[in-house]
Number of protein chains: 2
Amino acid sequence: MEATGIHLWLVLWKACEAVRRHAERHIHSLGLGFSDFAVLEVLLHKGPTAVNTIGELVHLTSGSITAAIDRLERKSLVARCTHPSDRRARVVHLTEVGRKLIECAFADHAAAMETATSGLTAAERGEAVALLKKLGLSAQTEGVNPRRGAAGVMIET
Amino acid sequence: MEATGIHLWLVLWKACEAVRRHAERHIHSLGLGFSDFAVLEVLLHKGPTAVNTIGELVHLTSGSITAAIDRLERKSLVARCTHPSDRRARVVHLTEVGRKLIECAFADHAAAMETATSGLTAAERGEAVALLKKLGLSAQTEGVNPRRGAAGVMIET
DNA sequence: ATCAATTATCTTGACGTGGAGATAAATCCT
DNA sequence: AGGATTTATCTCCACGTCAAGATAATTGAT
């Protein structure tokens, strides 16, 4: 078995794309995009959050996060309100409809991911998680620009 | 260690993004996009290839692969010529300039990936490759069962 | 107190991507 | 052979993203 860096990268990419296809198809069936789902997930797990904080968490630039929240607000899934102490900032929170949607969607999504990763046994998943965590962390700190991962919400625990 | 499907997916995604950042930064410094690099790499390793086939290999739809090859052709890195036996098909091949560029870029890229994955030992890389291959393959073949979309429309895979 | 630098957000323009057709060529069917 | 289906590619349009610049509010320095 070859173990060059580029080989590992290609296999990693392919696996990620394959699983991502499941995730995207499922999320798309809810009328949401990938980024929009990630924003809702942050709001579900972190509660009301400032716009730019969300942007950092889901790895979107200021322009993109503005567009994303515009989309979600247009669908009445989230709402912006003023920050209590900083008049520049806007705090985003889920509406009732939005909360219902993401709670349901996230449960469905977890099930879909269970299916998507069912090719590995529980033990293998554990090994994979350990290896990927190690790889992810080292690759992240290796880079010049250390940014927080888009899925940081779940990974913390 | 948690081993739920969604946890594995998030860790996989984060690791992939971290490594991808290395790859993208390097590729972008050549004035190329990610997809364009992938197309050139296919041509380098597979030789002249039909447009459609390249699209499948790098996971681009017909519209996207046309646009990608247009870009590369505009930069004189590739050229289209007619297929010997099928007059519908166009075969894409590297120009001299394109070959020089991708050969050089690929070597650089391999080195960058070596660095990016240096957080794992050779043995760990081997394990990771084996696990990811298994995961990727199963996730890929898992995706053939159609799902119901939001509007009640069946979504083909 | 005032001016400069920083921070948070939004706007604009360009670009890559995917999806729905359109066109042309090859293949299949009878 | 003639018509229908499939295949390969391209065109057009909508959308999401980013980068850079604009605006407004906060903080820091003197």
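Proteins get letters first, then strands, A, B, ... in listed order; numbering begins at 1 in each.
Within the 4.5 Å cutoff, the side chain of B:L77 has heavy atoms near those of the B:L32 side chain.
A sub-4.0 Å separation between OP1 or OP2 of C:dC10 and a side-chain N or O of A:T66 is present. Phosphate contact (OP1/OP2 of C:dT17, side-chain N/O of B:R71, threshold under 4.0 Å): present. Between A:S64 and D:dT17 there is no side-chain N or O to OP1 or OP2 distance below 4.0 Å. For D:dT17, one of the phosphate oxygens OP1 or OP2 lies less than 4.0 angstrom from a side-chain nitrogen or oxygen of A:S35. Dashed line: the shortest gap from a side-chain N or O of B:R90 to OP1 or OP2 of D:dC10 is under 4.0 Å. An OP1 or OP2 oxygen of D:dT9 is reached within less than 4.0 angstrom by no side-chain nitrogen or oxygen of B:R87.
Side chains of B:S64 and B:T61: a donor on one and an acceptor on the other come within 3.5 Å.
You'll find that the side chain of B:A67 is closest to C:dT17, out of C:dA26, C:dG21, C:dT17. Nearest to the side-chain atoms of B:L60 among the listed nucleotides C:dA8, C:dG18, C:dA25 stands C:dG18. Counting only heavy atoms from C-beta on, B:R88 has its side chain closest to C:dA25 among C:dA25, C:dC10, C:dG18.
Ring to ring, B:H45 and B:F106 are close: their centroids are under 6.0 angstrom apart.
Among the heavy atoms of the strands, none lies under 4.0 Å from B:A68.
Across the interface with DNA chain C, nearest-nucleotide mapping of A:G63 and A:D86 shows A:D86 to be the residue nearer the 5′ end.
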Query raised in the report: Would B:V19 and B:M113 satisfy side-chain contact (heavy atoms from CB on, under 4.5 Å), going step by step from the backbone distance to the final call?
Result: CA-CA 8 Å; B:V19 178; B:M113 290 304 93; 3.9 Å; yes
